[in-house]
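The basis for the numbers below is simple: all heavy atoms, side chains too, and nothing from hydrogens, waters or symmetry mates. Not measured: the values here are computed from a predicted model.
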Amino acid sequence: MPSLHWIGKEAVVNHHHAVPFHLLRDVPELSVGEPGAGNLIVQGDNLVALKALLPYYAGQVKCAYLDPPYNTGVDERDEQGKRTGWIYSDNVNSPEIRAWLGKVVGAEAEDLSRHDKWLCMMYPRLALLKQFLRADGVLFASIDENEIASLRLLFDDLFGVANRVGTIVWKNATDNNPTNIASEHEYVLCYAKNKERLPNEWKSTNLAVKTKLLEIGEEFVTRFKDSDERQAEYSKWFRKNKDFLWPFDRYKFIDDGGIFTGSQSVHNPGKEGYRFDILHPVTGKPCAEPMMGYRFPKATADKLREEGRIIFGDDESKIIELKLYVKDYRAKLSSLFELDGRIGTNEIKDIFPDDNRPFDFPKPTELIEELLSFATSGDDLVLDPFGGSGTTGDAVLKLNMADNQRRRFVVVEMKPKIARELTAKRVKRVAQGYTNAKGEQVAGLGGGFRFCELGEPLFDESGKIRASVRFADLARHVYFTETGEPLPELVAADVRRLTSNSGEKDSKSLVTSAATRKKSPLLGIHNGRAVCLLYNGILKDKSVDGGNALTQATLALLRTACDGQRVERLVVYGTSQRLSPARLKREGVTFKQIPYSIRIT
């Protein structure tokens, strides 16, 4: 299998393991709406932010959407609006990326091309991102010609070719400039954590155009009782709006059942089908048959005719069609997708009418809605590590409103100004309502989010746990590094309190699992292994032989906490222990001393 090599690869393939765990600091004044909605916006470098989020969301994400820098050399603007190149945390020309590359890659970093640097930036982030996906999780990534080949090989390397789901070609522009080949499209790559866990077919029943047509159909059926008048009035409306109705631009008929089109899917594809006569209602003669016969038996045809679902031509010379109503339309996720890319810019200008240039080249929410409508449902979690203008958060709220689902999002944006004044503010406005560029009031979609910043690392430079670290902070870290999974029974209130310094009252009510809600040192049981943490006076006794040390008394308490559950081994983290090695072996206990036995990265 072809593989991708670049200068610096050897230095970065394991770099995500070396990124230290950081705390997340709540910023309540930037949070919006109901905290229990489970949505989160994080400001900070996405490499560090992803590592910080792992203890909360590892193995929990159903769908990740990435819109990384396209590496064109002129991707973004500085604070004054002037184009200066790739302004990103890992800007190939910035002091930050040069220092990072020099530290991680070494002296050869000076010889890297911009493509080498882009790959060095992407690899550790994607390696972390993979750990977030559920077993049936998928990833979509937007990209253009600059890095499509490299990104595909990068995904092949990390996910495996067998988990390549497909590539979508998005026609998003019309280029009339003189050139050899006009570039009028971008790509969306799709990979699965495990393709075998995906359903055989993705279907989406919710499209914005479908919702609108259902409303129009209901209105016309109610207003016009006469069928001929109804069809005439709908035909006028259809001709006027046809250009905006894709993929329903052939739905030109209406009856009591609503708006419909004629489907020619009566043919049996590829082999001989059913043969029987269907008599024309006017001429009484058999209608022309499809070349390979019908794809359904006569009993089905009789039922369709009885239900009024067959469309006949003027005479028997035309093959019948079937009525396909808008309400029955189930879309496929096509490898070809056409949507004007300027819609994204118009959307964000409508939300921020006082700003001439809120953000360059934002993705249209319709693009993200289209992807998510196929890959997610219910309360699935969506992760966007390159948050930008907040399109993904906007799209999740719109899609939830359209299909009455409860999807959640986690969006990460690196730049403080964009995260606060654009990403968060945009999602706030679409959630609560705003006045658009025409001065019209746009109703809010509902929902909310918590806003967090990256806090300090869990450990200081000497490897000791920082004094500001609370029990719940360390509990998440210990359980995740011990088991590779988040704390059990993660609840929405966890998102509300993603903080290590929001005040004593808040920290005491930190919610992570049933164990921590009960102030128990038992964090959880994973594959017969009970993980316990004796820290910060969890047993309300900080003496040397008390709550932070493993003694005969604390061991008895741990056994009581595990009562009634299958436990083959106890793994206990504590500051010290007073039991002999023989006793530990006999009791099936593994003791790990804090802080020396806790993984820093």
- Item | For D354, salt bridge (charged side-chain N to carboxylate O under 4.0 Å, His left out) partners two or more places apart | none
- Message: For F248 and Y251, take the angle between the two ring planes, folded into 0 to 90°, and tell me which bin it lands in: parallel under 30, tilted 30 to 60, perpendicular over 60.
- Response: perpendicular
- Item | 4.5 Å side-chain heavy-atom contact, W170 and H185 | no
- Task: Go through T167 and V188 one step at a time and tell me if the side-chain contact (heavy atoms from CB on, under 4.5 Å) criterion holds.
- Result: CA-CA 6 Å; T167 301; V188 180; over 6 Å; no
- Can you tell if the side chain of L126 reaches within under 4.5 Å of the side chain of L66, non-hydrogen atoms only? yes
- Quick one: list whatever passes salt bridge (charged side-chain N to carboxylate O under 4.0 Å, His left out) with R275, sequence neighbours left out. E272, E289
- Residues, nucleotides or ligands: over 12 heavy atoms within 6.0 Å of K252 NZ: no
- Decide if atom CD of E218 counts as having more than 12 heavy atoms of other residues, nucleotides or ligands within a radius under 6.0 Å. no
- Single hit among T345, N346, D340 for side-chain hydrogen bond (donor to acceptor under 3.5 Å, both in side chains) with R342: D340
- Item | F140 and W202 aromatic ring geometry - parallel, tilted or perpendicular at 30°/60° bounds | tilted
- Message: Tell me whether K428 at atom NZ has more than 12 heavy atoms from other residues, nucleotides or ligands lying less than 6.0 Å away.
- Response: no
- Query: Heavy-atom count around K285 NZ within 6.0 Å, excluding the residue itself: above 12?
  - Reply: no
- Is it true that atom CZ of R164 has more than 12 heavy atoms of other residues, nucleotides or ligands lying nearer than 6.0 Å? yes
- Examine distances only and state if a side-chain atom of N436 and a backbone atom of E440 form a donor-acceptor pair shorter than 3.5 Å. yes
- Task: Evaluate the criterion salt bridge (Lys or Arg N to Asp or Glu O under 4.0 Å) for residue pair D255 and K323; output intermediate values, then yes/no.
- Result: CA-CA 10 Å; D255 64 12; K323 287 183 180 179; 2.7 Å; yes
- Rounded to the nearest 0.5 Å, what's the gap from CE on M122 to CD1 on I143? Could you check? 6.5 Å
- K298 charged N/C atom sitting above Y274 aromatic ring, 6.0 Å / 45°: no
- Measure the CD-CG distance between E307 and L322 for me, rounded to the nearest 0.5 Å. 11.0 Å
- Query: Hey, is the main chain of T391 close enough, under 3.5 Å, to the side chain of T365 for a donor-acceptor pair?
  - Reply: no
- Message: Before you tell me yes or no, could you show the steps for S377 and Q405 under side-chain contact (heavy atoms from CB on, under 4.5 Å), namely the whole-Å CA-CA distance, both residues' side-chain angles and the distance that decides it to 0.1 Å?
- Response: CA-CA 6 Å; S377 62; Q405 303 291 301; 3.9 Å; yes
- Any N172 side-chain heavy atom under 4.5 Å of E184 side chain: no
- Item | Value rounded to 0.5 Å, distance of CD1 in I259 from OH in Y325 | 11.0 Å
- Message: If the condition is side-chain contact (heavy atoms from CB on, under 4.5 Å), which residues does P416 pass it with, not counting sequence neighbours?
- Response: Q43
- Query: Are Y191 and F155 close enough that their ring centres sit under 6.0 Å apart?
  - Reply: yes
- Task: Give the intermediate values and the outcome of side-chain contact (heavy atoms from CB on, under 4.5 Å) for residues E316 and V282.
- Result: CA-CA 9 Å; E316 73 280 358; V282 176; over 6 Å; no
- Task: Inspect the surroundings of CG in D314 and state if more than 12 heavy atoms from other residues, nucleotides or ligands are less than 6.0 Å away.
- Result: no
- Item | Pairwise distance OH(Y234) to CZ(R223) - rounded to 0.5 angstrom | 14.0 Å
- Contact check, side chains of E321 and R309, non-hydrogen atoms, under 4.5 Å: no
- Message: Quick check against the 3.5 Å criterion: does S389 have a side-chain atom that pairs as donor or acceptor with the backbone of P362?
- Response: no
- Item | Side chain proximity check, Y187 to S142, heavy atoms < 4.5 angstrom | no
- Task: State whether the side chain of E413 and the backbone N or O of G388 hold a donor-acceptor pair below 3.5 Å, judged by distance alone.
- Result: yes
- Between N241 (side chain) and W237 (backbone), is there a donor-acceptor pair under 3.5 Å? yes
- Give a yes or no on whether the backbone of L245 and the side-chain of D249 come within a donor-acceptor separation of less than 3.5 Å. no
- Query: Does the side chain of I320 come within less than 4.5 Å of Y294's, by heavy atoms?
  - Reply: yes
- Between F132 and Y57, does the ring centroid distance fall short of 6.0 Å? no
- State whether the side chain of K130 and the backbone N or O of L158 hold a donor-acceptor pair below 3.5 Å, judged by distance alone. yes
- Query: Between K236 and E233, is the closest basic N to carboxylate O distance under 4.0 Å?
  - Reply: yes
- Heavy atoms only: give me the nearest A437-D350 pair and the separation to one decimal. N-OD1, 3.3 Å
- Message: Between K225 and S227 (side chain of the first, backbone of the second, donor and acceptor by atom type, cut-off under 3.5 Å), is there such a pair?
- Response: no
- Smallest separation among heavy atoms of G387 and V411, with atom names: CA-CG1, 3.5 Å
- Task: Can you measure from CG (L371) to CD1 (I168) and round to the nearest 0.5 angstrom?
- Result: 5.0 Å
- Does CD belonging to Q441 count more than 12 external heavy atoms closer than 6.0 Å? yes
- Item | Closest contact, heavy atoms only, A192 versus L198 | CB-CD1, 3.8 Å
- Message: Which heavy atom of L399 sits nearest to which heavy atom of E369, and what is that distance?
- Response: CD2-O, 4.0 Å
- Can you find a pair of side-chain heavy atoms, one from N39 and one from V410, that are under 4.5 Å apart? no
- So, D256 and R230, do they make that salt bridge, N to O below 4.0 Å? yes
- Can you name the nearest heavy-atom pair linking F312 to C287, along with the distance? CD2-SG, 3.8 Å
- Closest non-hydrogen atom pair, C63 against L372: SG-CD2, 3.6 Å
- Message: Run the side-chain hydrogen bond (donor to acceptor under 3.5 Å, both in side chains) test on R125 and N46 for me, step by step, so that the C-alpha distance in whole Å, both residues' side-chain angles and the decisive distance to 0.1 Å come before the verdict.
- Response: CA-CA 7 Å; R125 287 161 172 80; N46 55 13; 2.5 Å; yes
- Message: Working note: F224 + Q231, criterion side-chain contact (heavy atoms from CB on, under 4.5 Å); need CA distance, chi angles, decisive distance, verdict.
- Response: CA-CA 9 Å; F224 304 104; Q231 182 63 60; over 6 Å; no
- Task: Determine whether F352 and R426 make a side-chain contact, defined as any pair of heavy atoms from C-beta on separated by less than 4.5 Å.
- Result: yes
- Is the backbone N or O of D380 less than 3.5 Å from a side-chain atom of K62, with the two atoms forming a donor-acceptor pair by type? no
- Query: Which is it for E453 and R420 under the salt bridge (Lys or Arg N to Asp or Glu O under 4.0 Å) test, yes or no, and what are the steps along the way?
  - Reply: CA-CA 10 Å; E453 297 174 332; R420 290 168 171 263; 2.4 Å; yes
- Query: Hey, does the side chain of D379 reach the backbone of R407 with a donor-acceptor pair shorter than 3.5 angstrom?
  - Reply: no
- From CG (L213) to CD1 (I254), nearest 0.5 Å: 9.5 Å
- Taking atom NZ of K242 as the centre, report whether more than 12 heavy atoms of other residues, nucleotides or ligands fall under 6.0 Å from it. no
